[in-house]
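Below is one structure, written out as structure tokens; comments come after it.
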Protein chains: 2
Amino acid sequence: MKQPVPRVAVPRLTLYLQCLEDLPAGMGRISSEDLASRAGVNSAKVRKDLSYLGSYGVRGVGYDAEHLRFQIRRELGLTREWPLVIVGVGNLGRALANYGGFHEKGFRVVGIFDDDPNKVGTRVGEHRVEPVAALPDVVRERQARIGVIATPPEEAQLVAEMLAAAGVAAILNFAPTVVRVPAHVAVRRADFSTELQVLAFHLHQGTAG
Amino acid sequence: MKQPVPRVAVPRLTLYLQCLEDLPAGMGRISSEDLASRAGVNSAKVRKDLSYLGSYGVRGVGYDAEHLRFQIRRELGLTREWPLVIVGVGNLGRALANYGGFHEKGFRVVGIFDDDPNKVGTRVGEHRVEPVAALPDVVRERQARIGVIATPPEEAQLVAEMLAAAGVAAILNFAPTVVRVPAHVAVRRADFSTELQVLAFHLHQGTAG
DNA sequence: ACATGTGAAGCGCTTCACAGCG
DNA sequence: CGCTGTGAAGCGCTTCACATGT
């Protein structure tokens with residue numbers, strides 16, 4: 001029967017979701033085998049992961065692609081819209097703010113902040129940059145649940161504390177440093193150099209045993 | 001005795017490395033307990049992870065911070081420099097190219113590419129943007145081992161194939177799509193929306209059971 | 001006295017292999 | 001017949017708890 005989703009299955013569900021959205025138009029159904037090969041995992045894992053959502057496949061046939069998309073989105077909590085704020089308007093902050101897929105993926109930018117007077121008041125995407133001092137009020141008023149840190153590393157800890165104090169429940173930290181926040185706030189690192197270093201390790205293993 | 005590093009320990013080693021680099025100046029040694037609390041894991045895990053490198057701690061005392069940094073870097077293969085190329089000069093590509101920590105972290109940008117004629121020839125960081133058509137030759141000549149995809153999703157698959165054909169051994173894909181490459185090429189996704197969706201799931205769980 | 005290093009137990013995820021069902 | 005859904009076995013990682021060493 002329907003069991004709770006294991007921690008490690010969550011990123012895989014987002015992966016399947018991405019694969020389903022990249023599917024050629026007119027592909028109404030898909031087998032676990034096909035989805036597995038697109039996602040780069042084995043089919044038993046796909047079936048097991050999908051079984052955590054419920055029994056939405058048809059034996060002998062496969063899964064209805066659109067229905068499956070909806071069920072994954074439902075399980076991940078993406079059938080509502082999560083308000084988020086972005087702090088830091090460098091190239092990275094701009095790249096994030098201009099990301100086109102927010103609505104489609106279940107998110108909405110409700111504020112973007114920087115302390116550079118040359119940036120405050122300018123437009124980025126559909127938003128006007130506000131001073132960091134305005135962050136606490138904005139987070140509360142617009143009910144932001146997620147804060148994205150796109151500042152230089154020196155400012156990341158302070159921003160994390162402001163976000164936590166203002167009441168966000170989760171932080172995505174792009175700065176190459178480790179921030180400490182109260183236990184009730186979830187933090188994920190999205191660090192470029194971590195990713196590169198993991199790849200370097202694989203290459204290193206390949207060459208040096 | 002010294003065992004091979006488990007897959008899942010690799011990102012944690014990079015995390016410890018980051019914590020060690022953020023240490024207050026003049027902190028010559030550190031205990032597993034202290035490092036664990038900075039990294040947000042438990043101390044037994046730190047000790048176990050560090051034991052994969054060898055026995056570099058002193059019982060009753062702790063670890064020499066600088067020596068430990070070096071040993072982690074050695075194990076990850078960061079005592080050499082890995083040449084990489086960046087494809088796509090949008091805000092994201094620029095953010096990546098301007099990342100200041102490449103040399104310190106063990107990487108070197110040897111080329112940056114885009115197909116927009118308005119961008120080719122312009123400078124980004126210390127590099128001049130080259131046309132994507134030049135990618136295969138540049139990768140070969142400058143021995144790039146890693147390719148970073150910072151293009152729109154529509155172009156990601158083609159770029160991935162070019163990188164693989166040109167001989168990179170690893171790809172870091174920032175585009176929100178899944179790319180397929182020959183099995184001998186390692187791929188990591190670094191997708192903004194995946195990270196947000198994982199956080200959304202945690203928030204969703206917290207509120208809805 | 002104190003913190004590391006580590007066998008061993010415990011736990012959760014992966015994979016297998018096939019029963020179940022359209 | 002074909003593909004899903006799933007108990008059960010297998011595997012690898014985490015955590016414990018203490019022997020080890022300074």
Side-chain angles (χ1 to χ4, degrees), chain A residues 1-16 19-20 23 27-72 75 198 201-202 205, chain B residues 1-16 19-20 23 27-72 75 198 201-202 205:
Chain A
M1 277 309 318
K2 200 178 148 180
Q3 288 173 280
V5 181
R7 221 164 234 290
V8 290
V10 174
R12 283 200 303 268
L13 287 175
T14 74
L15 176 64
Y16 304 151
C19 293
L20 290 170
L23 234 45
M27 221 178 129
R29 51 172 112 85
I30 188 167
S31 68
S32 62
E33 196 72 55
D34 187 355
L35 184 51
S37 100
R38 289 168 193 271
V41 302
N42 70 50
S43 65
K45 198 180 271 173
V46 168
R47 289 198 300 278
K48 191 65 123 180
D49 287 344
L50 296 183
S51 77
Y52 303 132
L53 314 180
S55 287
Y56 298 116
V58 180
R59 290 169 200 241
V61 176
Y63 302 85
D64 179 86
E66 189 172 331
H67 186 62
L68 197 51
R69 278 205 331 252
F70 175 79
Q71 291 299 339
I72 295 176
E75 187 72 33
V198 172
F201 175 76
H202 290 309
Q205 289 294 87
Chain B
M1 276 311 315
K2 200 177 150 179
Q3 288 171 283
V5 180
R7 220 164 234 291
V8 290
V10 175
R12 284 199 303 268
L13 288 175
T14 74
L15 175 62
Y16 305 151
C19 293
L20 290 170
L23 235 43
M27 220 178 131
R29 51 173 111 85
I30 188 166
S31 68
S32 61
E33 197 72 54
D34 187 356
L35 184 52
S37 100
R38 289 167 193 272
V41 303
N42 70 52
S43 64
K45 198 181 269 173
V46 168
R47 289 198 299 279
K48 191 65 121 184
D49 286 345
L50 296 183
S51 78
Y52 303 132
L53 314 180
S55 288
Y56 299 117
V58 181
R59 290 169 200 240
V61 176
Y63 301 85
D64 180 86
E66 189 174 332
H67 186 62
L68 196 52
R69 279 207 326 255
F70 175 78
Q71 291 299 339
I72 294 176
E75 187 72 34
V198 172
F201 175 77
H202 290 310
Q205 289 293 86

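Note on naming: letters A, B, ... go to the chains in the order of the sequence lines (proteins, then strands), and numbering restarts at 1 for each one.
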Of all the nucleotides listed ([options]), which has the minimum atom distance to the side chain of [X]?
X       : options                : answer
A/Ser31 : C/dT14, D/dC3, C/dG22  : D/dC3
B/Val8  : D/dC13, C/dT14, D/dA17 : D/dC13
B/Pro6  : C/dT6, D/dT4, D/dC13   : D/dC13
A/Ala44 : C/dA3, C/dT15, C/dG5   : C/dT15
B/Tyr63 : D/dT14, C/dT14, C/dT4  : C/dT4
B/Ser55 : C/dG5, C/dT15, C/dA3   : C/dG5
B/Arg59 : D/dT4, C/dA3, C/dT6    : C/dA3

Can you measure [X] atom [atom1] to [N] atom [atom2] for me and round it to whole angstrom units?
X       : N      : atom1 : atom2 : result
A/Asp34 : D/dG2  : CG    : P     : 17 Å
B/Ile30 : C/dC2  : CD1   : P     : 19 Å
A/Asp49 : D/dT4  : CG    : P     : 14 Å
A/Tyr56 : C/dG22 : OH    : C1'   : 18 Å
B/His67 : C/dT4  : NE2   : P     : 15 Å
A/Asp64 : D/dC3  : CG    : C1'   : 15 Å
A/Gln3  : D/dG5  : CD    : P     : 14 Å
B/Glu33 : D/dC16 : CD    : C1'   : 14 Å

task = Return yes if a side-chain donor-acceptor contact under 3.5 Å exists between A/Asp64 and A/Tyr56, otherwise no.
result =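 No, no side-chain donor-acceptor pair sits under 3.5 Å.
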request  = With heavy atoms under 4.0 Å as the rule, sort B/Arg12 into base, sugar-phosphate or nothing.
outcome  =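 It contacts sugar-phosphate atoms only.
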ask   = Is the distance from OP1 or OP2 of D/dT14 to the nearest side-chain N or O of B/Asn42 less than 4.0 Å?
value = no
Residue-phosphate contact under 4.0 Å: A/Lys45 side-chain N/O, C/dT15 OP1/OP2 = yes
query = Is a salt bridge present between B/Asp49 and B/Lys45, judged by a nitrogen-to-oxygen distance below 4.0 Å?
reply =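 Salt bridge between B/Asp49 and B/Lys45, a charged N being under 4.0 Å from a carboxylate O: no.
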key: A/Ser32 side chain near A/Leu50 side chain, heavy-atom distance below 4.5 Å   = no
ask   = Nearest 0.5 Å, what's the CZ-CD distance between A/Phe201 and B/Glu75?
value =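 Taking CZ in A/Phe201 and CD in B/Glu75, the distance rounds to 6.0 Å.
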